[in-house]
Protein chains: 2
Amino acid sequence: MTHLKDIFIKTRHITVYGLIMAIFVFALKWFQWKFLVLDNATEIYAGLIAICFTLLGIWVATQLAKPKIEKVLVEKEVYVTLPAGIEINEAELKKLNLSGREHDVLQLLTKGQSNTEIAGNLFLSLSTVKTHVSNLFVKMDVKSRAQAIEKAKRLKITP
Amino acid sequence: MTHLKDIFIKTRHITVYGLIMAIFVFALKWFQWKFLVLDNATEIYAGLIAICFTLLGIWVATQLAKPKIEKVLVEKEVYVTLPAGIEINEAELKKLNLSGREHDVLQLLTKGQSNTEIAGNLFLSLSTVKTHVSNLFVKMDVKSRAQAIEKAKRLKITP
DNA sequence: TTAAAATCGGTACTAAAGTATGAATAGCGT
DNA sequence: ACGCTATTCATACTTTAGTACCGATTTTAA
């Protein structure tokens, strides 16, 4: 089935070309009969044919044009991130007036750890961590750990 | 200079076309004079013009046609150390293979916004944001928005 | 013209986060 | 000794986040 379809597609342009040519010839004959084309108008007659069939040729060519496949070699740069200078903004950190334990919690919190993970690492209960975290949010003037992390990173008060 | 050259290149085909057309008309006139073309041979006359100018059109089209180039990208990894800056690490960002919307969500997520806030800013439903966020976590290989923010900041894939 | 994504949205559920409040203990400075 | 803060932990509760499904378009790629 696809084979017949391909043949049709390949010969479609030729068929269309033939049809248009036939219609054009009929149209010319009609004009010839209607206006009794003068002999000295041959140049105009030829010119019209030339223009029309030139355009037709261009159209046919664009339809038949096959895409040229061209392989292009592209180099892809892969960046290697190096642990850049870790400078902590001590001034901003002092402004927050955090307690020692709150500071500990903040360190782990900004590393993306959950309350349970922080509790495990600092040997605290989940309740205690929640308390510290809540107090942290008040001192940092944020409403979620997401904001806390963003602010801590932005102010560089954590590595 | 290159500008004039471009104009010449672009008009070259038209010039050639005009010249060929002129020569063809002269040839026709010569044939007309030489063999005293009969009135009832108009169809043959028109047919010749049609065929010739169709071929001419095809030729012109092939000359003017821009070659359709099918690029095949071959990646060659080149390792480069990142010039420690505040620039966004596009390379790491590409590795994540995020979709457009996921990228949008990530931008707001890393600013500390909640799902509800993101939904409001991007005019999406909460469900959609949750879907995007979940997919983000898979692609970023993290398990919470806190880790996502931390990783995004660490890899500098967000301002 | 398929097939694979991306996009948007929904429901239902579990897990985690966050709030509020209270309470016990230890240390520190006046 | 007293007040103050820090630290620890608990209970109870509400809210948010997160997962796991699903379906319907739409866009894109092969």
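In what follows, chains are A, B, ... by sequence order, proteins preceding strands, each numbered from 1.
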Side chain B:Lys139, main chain B:Asn97, donor-acceptor under 3.5 Å: yes
Spacing between A:Glu102 atom CD and D:dT7 atom P, to the nearest angstrom: 7 Å
Between D:dA20 (C1') and B:Asn135 (CG): distance, integer Å: 12 Å
Distance test, side-chain N/O of A:His132 to OP1/OP2 of D:dT7, below 4.0 Å: no
Closest listed nucleotide, where the reference is the side chain of A:Ser127 and the choices are D:dT11, D:dA17, D:dG18: D:dT11
Listed nucleotide nearest any side-chain atom of B:Arg145, set C:dA6, C:dG9, D:dG18: D:dG18
Main-chain N/O of A:Gln113 paired with A:Arg145 side-chain donor or acceptor, under 3.5 Å: yes
Minimum-distance nucleotide to B:Ser125 side chain [options: D:dG18, D:dC9, C:dG9]: C:dG9
Spacing of A:Leu109 atom CG relative to C:dA16 atom P, expressed in whole Å: 16 Å
Touch class at under 4.0 angstrom, heavy-atom based, for B:Leu124 against every strand present: sugar-phosphate
B:Arg154 bridged to B:Glu150 by N-O distance under 4.0 Å: yes
Among D:dT16, C:dT19, D:dC9, the nucleotide that comes nearest once only the side chain of B:Ser114 is considered: D:dT16
Rounded distance in Å - CG (B:Asp104) to C1' (C:dT7): 12 Å
Exam field: side chain A:Gln107 to backbone A:Asp104, donor-acceptor pair closer than 3.5 Å: no
Residue A:Lys130, side-chain heavy atoms: nucleotide from D:dT7, C:dA17, D:dG18 that is nearest: C:dA17
Flag, side chain of B:Thr131 to backbone of B:Ser127, donor-acceptor distance under 3.5 Å: yes
Phosphate OP1/OP2 of D:dT7: any A:Ser99 side-chain N/O under 4.0 Å: yes
Euclidean distance, atom CD of residue A:Gln113 to atom C1' of D:dA17 [Å, nearest integer]: 18 Å
Distance test, side-chain N/O of B:Ser134 to OP1/OP2 of D:dG18, below 4.0 Å: no
Separation of atom CZ in B:Phe123 from atom P in C:dT7, rounded to whole Å: 18 Å
Nearest-Å distance for atom pair CG/P, residues B:Leu136 and D:dT19: 11 Å
Residue-phosphate contact under 4.0 Å: A:Asn115 side-chain N/O, C:dA16 OP1/OP2: no
Whole-Å gap separating P (D:dT15) and CG (B:Leu126): 14 Å
